[in-house]
Amino acid sequence: MEKFYITTPIYYINDKPHIGSAYTTIAADVLARYYRNKGVDTFFLAGTAEHGSKIATSAEKAGKDPQSFADEMSAKFSTAWDVLQITNNDFIRTTEKRHAEAVNKFFLKLKDSGKIYEGEYEGLYCIGHEAFIKESELVNGVCPDHKTKPEMVKEKNWFFKLSEYGPILKEKILSLELVVAPEERKNEILSFIDQGLEDIAISRQNAKFALPLPWDESQTIYVWLDELFNYCTAVGYGTDTEKFNKYWPVDMHLVGKDIIKFHCVIWPALLLAIGEKVPKKVFAHGFFTIDGQKISKTIGNVIDPIEWATKYGPDVVRYFLLREVPFGQDGDISEEKLKLRYSGDLANGLGNLLSRITTLVEKYSPSLVIGEAQLWKTSDNIDELIENYKFHEALAKMWEWVAWGNKAVDENKLWELGKTDVKKFEEISTQILSCLVTTSTHLQPFMPEVSRKILEHLKKEKITKAEPLFPRVQ
RNA sequence: CGCGGGAUAGAGCAAUUGGCAGCUCGUCAGGCUCAUAACCUGAAGGUUCCCGGUUCGAGUCCGGGUCCCGCAACCA
């Protein structure tokens, strides 16, 4: 692989970062770090989606103009990612000038493609929402939020002929030119396409806080499409051809399973219409429940990833989320479960092994150093697991090594060997230290800080008793 | 019959192409003292949701049923 372009969705700034957006971003960061370590030219994009009437409304409520509201909210995301040690190469905001310009070019090209036409959209309009509402959302015929009956409204819109793209999308997905993963998501998309695609409206009338449609002043661009195009903007679409050609197409869009239709159907169809290559892969991860319950503000069980990161450390949050739930599936999390991982896997497992071996070495063989070439032998292929997004398995495998280390200390009674047979002591200790070095090396994309601490400590000229990596919390 | 996912030990989850049902936590018993009250060993604990079929052999494949959960695209 020569280059690796990976993206997270750009998050909607109507709310602060939550555990779900942190999860996607952490997973993307693991892959970005992994490929960077392998010497692959990696471009990792994150960002925020800032247009839409909801933002205008929220800004108004907060007594701010939309742009300063957006500035404030967007900053919460970029700081959150800093806290979580995310190494994105760029952070794009849809209210940036570069994006408006790129989107403008994109829509003009789209118009030239002949795949758009003027039409009429008819739907149920809720005055309270100031937006169209789906019939399926109604409760007893009224809007559940405003308790009012929506009106049937017609408005002029521009449409994209998505309906023409079913066969070609299907062909690209089946031929793996566009990989949709995991398998169950691919099946979902294929059956969705088989049900027949409908044309979509690409513009809205009078929408607040949205980009204008270049050729029709009365219309604004449907924010979803404006947002999808961020993936092109950030690598220089229309401004930096060299950069664009280098990184396009995207190697991996990492998304939540709720937005796969936008990424696997609408987005590739739009790209085909303007003559660009489709993404190579869209991977959808699952959703969390907390103690078996759906995460919801109403229930009040939302988790702030920054709170966890502050309390336990960013590496711990990264480890927990990727270890606890098989990537791609739904899973259940809670602070209790995090604490179990913290004390079990991290403090008692990895942390304790480092403590005991460094204490033993300092005490019985202070001159022992670990050479560069000494790597613990293992046939387990962590790289393969990471490249197949089996993060939980990769971590489980590494913790088998940690368990081996703890067992080796016990079985060889190192605390006795240190007094009776220094040569044998050094032999076993070197193996255990190498095991730690190997583990930490492979752990780097997941737990960069912890990995760095261990490696720095073990590669010093003199090995000394290490401070606890994971001190008791509370 | 809209589409899709799931049901396995007290809890949470694994089990290539069908081949002795495993792991972590918890529980019980023992060992150790280097270590962050940490570590190691052993044990108990299962009608793999139900009914039927294919097979030498089914958690896995086929048919039927029950119960959960997502999605069903113009809020993002």
Side-chain angles (χ1 to χ4, degrees), chain A residues 9-15 49-55 57 121-126 129-137 145 155 157 159 162 182-192 194-195 197-204 207 222-227 257-262 265-266 286-287 289 292 294 323-326 329-334 336-337 340-341 343-349 351-364 392-393 396 399-400 403 405-418 429 465-472:
Chain A
I10 48 173
Y11 302 108
Y12 198 52
I13 55 165
N14 200 36
D15 199 4
E50 310 182 2
H51 287 128
S53 52
K54 254 192 190 174
I55 303 301
T57 312
Y121 175 73
E122 192 177 24
L124 295 167
Y125 190 87
C126 171
H129 273 93
E130 294 188 55
F132 286 98
I133 182 167
K134 280 177 277 182
E135 200 176 338
S136 58
E137 282 177 333
D145 295 335
E155 74 170 39
N157 286 149
F159 283 76
L162 182 65
E183 199 68 17
E184 52 264 38
R185 297 280 93 83
K186 177 159 107 180
N187 295 339
E188 198 176 320
I189 288 297
L190 287 173
S191 74
F192 175 68
D194 283 341
Q195 286 167 47
L197 300 177
E198 289 170 24
D199 291 347
I200 54 162
I202 58 163
S203 69
R204 297 285 181 276
Y222 174 33
V223 288
W224 245 112
L225 307 190
D226 141 25
E227 287 162 15
K257 64 177 184 176
D258 53 335
I259 54 174
I260 47 169
K261 281 170 192 164
F262 288 95
V265 178
I266 297 175
F287 280 170
T289 50
K294 194 173 165 177
R323 176 66 188 84
E324 189 68 18
V325 179
Q329 296 180 26
D330 291 348
D332 189 63
I333 58 166
S334 65
E336 280 314 302
K337 288 184 172 177
L340 282 173
R341 292 281 176 199
S343 62
D345 297 358
L346 299 176
N348 299 347
N352 187 43
L353 179 60
L354 179 72
S355 292
R356 63 201 303 216
I357 193 65
T358 51
T359 306
L360 284 163
V361 169
E362 182 180 31
K363 194 164 174 185
Y364 297 112
H392 70 297
E393 281 186 47
W399 256 259
E400 283 178 22
N406 271 318
K407 197 168 161 179
V409 175
D410 274 68
E411 284 184 347
N412 293 290
K413 294 192 190 325
L414 276 193
W415 55 94
E416 280 178 18
L417 270 190
S429 299
K465 178 175 167 51
E467 286 305 305
L469 282 175
F470 305 100
R472 299 277 149 196

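Since this is a predicted model, take the numbers as computed values, not measurements. To find a chain, count down the sequence lines: A is the first, B the second, and so on, and within it residues start at 1. Values below: all heavy atoms of this structure, side chains included; hydrogens, waters and symmetry mates excluded.
If you check every strand for non-hydrogen atoms under 4.0 Å, Ala49(A) touches nothing. Nucleic acid contact for Gly351(A): base, since at least one base atom lies under 4.0 Å from a heavy atom of the residue. Heavy atoms of Tyr222(A) sit under 4.0 angstrom from primed sugar atoms or phosphate atoms, though from no base atom. Within the 4.0 angstrom heavy-atom criterion, base atoms lie near Phe470(A). Leu360(A) comes within contact range of at least one nucleobase, with a heavy-atom separation under 4.0 Å. Using a 4.0 Å heavy-atom distance criterion, Leu469(A) is classed as a base contact. Among the protein residues, Asn348(A) comes within range of the sugar-phosphate backbone only, with heavy atoms under 4.0 Å from sugar or phosphate atoms but none that close to a base.
To the nearest angstrom, C1' of G4(B) lies 15 Å from CG of Asp258(A). Atom CD1 of Ile357(A) and atom P of A35(B) are 12 Å apart (whole Å). When rounded to the nearest whole Å, the span between CD1 of Ile333(A) and P of C25(B) equals 20 Å. Nucleotide C75(B) holds its C1' atom 7 Å from the OH atom of Tyr12(A), rounded to whole Å. Rounding to whole angstrom units, NZ of residue Lys261(A) and C1' of A76(B) are separated by 15 Å. To the nearest angstrom, C1' of A76(B) lies 8 Å from CZ of Phe262(A). Taking atom CG of residue Leu353(A) and atom P of nucleotide C40(B), one finds them 10 Å apart after rounding to whole Å. In this structure, Lys257(A) places its NZ atom 11 Å from P of G6(B), rounding to the nearest Å.
The nucleotide whose nearest atom lies closest to any side-chain atom of Asn352(A) is, among G31(B), A35(B), C74(B), A35(B). Comparing U33(B), A73(B), C40(B) by their closest approach to the side chain of Trp415(A) singles out U33(B). Of the candidate nucleotides C34(B), U41(B), A35(B), U41(B) has the atom lying nearest to any side-chain atom of Lys407(A). Residue Asp410(A) places its side chain closer to C39(B) than to any other of A76(B), C71(B), C39(B). Across A73(B), G12(B), A76(B), the shortest atom-to-atom separation from the side chain of Val223(A) is found for A76(B). Of the candidates U36(B), G4(B), A35(B), A35(B) carries the atom nearest the Arg356(A) side chain, counting heavy atoms from C-beta on. Checking C34(B), C39(B), U36(B) against the side-chain heavy atoms of Ala347(A) singles out U36(B) as nearest. Among the nucleotides G12(B), C40(B), U36(B), the one closest to any side-chain atom of Pro468(A) is U36(B).
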**Criterion side chain to side chain contact (heavy atoms under 4.5 Å, CB included) on Ile259(A) and Trp224(A), from CA distance to verdict** = CA-CA 11 Å; Ile259(A) 54 174; Trp224(A) 245 112; 3.7 Å; yes
**Message:** Is there a side chain to side chain contact (heavy atoms under 4.5 Å, CB included) between Lys54(A) and Tyr12(A)? Walk through the geometry before answering.
**Reply:** CA-CA 10 Å; Lys54(A) 254 192 190 174; Tyr12(A) 198 52; 3.3 Å; yes
**Request:** Just do the side chain to side chain contact (heavy atoms under 4.5 Å, CB included) check on Ile55(A) and Asn14(A) with the steps written out, would you?
**Result:** CA-CA 6 Å; Ile55(A) 303 301; Asn14(A) 200 36; 4.3 Å; yes
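No donor-acceptor pair under 3.5 Å is formed between the side chain of Ser429(A) and the backbone N or O of Val361(A). Of the possible donor and acceptor atoms, one in the side chain of Asn348(A) sits under 3.5 Å from a partner among the backbone N and O of Ser343(A). At least one donor-acceptor pair under 3.5 Å links the side chain of Trp399(A) to the backbone N or O of Asp345(A).
Nucleotide U8(B) forms no Watson-Crick or G-U wobble pair with any nucleotide shown, as no partner meets the under 3.5 Å limit on both distances. Using the Watson-Crick or G-U wobble rule with both distances under 3.5 Å, U55(B) pairs with nothing in any strand shown. Both distances falling under 3.5 Å, in either a Watson-Crick or a G-U wobble arrangement, occur for no nucleotide opposite G45(B). Pair assignment for C39(B): G31(B), on the basis of Watson-Crick or G-U wobble contacts that are both within less than 3.5 Å. Within the shown strands, nothing qualifies as a pairing partner of A14(B) under the Watson-Crick or G-U definition with both distances less than 3.5 Å.
Taking the centre and axis of the six-membered ring of Phe192(A), the NZ or CZ atom of Lys261(A) falls inside the cone set by 45° and 6.0 Å.
Distance check on atom C1': U48(B) versus C13(B) gives 13 Å, rounded to whole Å. Distance noted for atom P between G19(B) and G57(B): 14 Å (whole Å). Here the separation of U60(B) from U54(B), taken at their P atoms, is 15 Å to the nearest Å.
Of the two residues near RNA chain B, Pro326(A) and Ser191(A), the one whose nearest nucleotide lies more 5' is Ser191(A). Between Ser343(A) and Glu324(A), the residue whose closest nucleotide on RNA chain B is further toward the 5' end is Glu324(A).
Side-chain N/O atoms of Gln329(A) include none lying less than 4.0 angstrom from OP1 or OP2 on G12(B). Contact check, Lys413(A) against C40(B): no side-chain N or O comes under 4.0 Å of OP1 or OP2. Proximity of Asn14(A) to the phosphate of C75(B): no side-chain N or O atom is located under 4.0 Å from OP1 or OP2.
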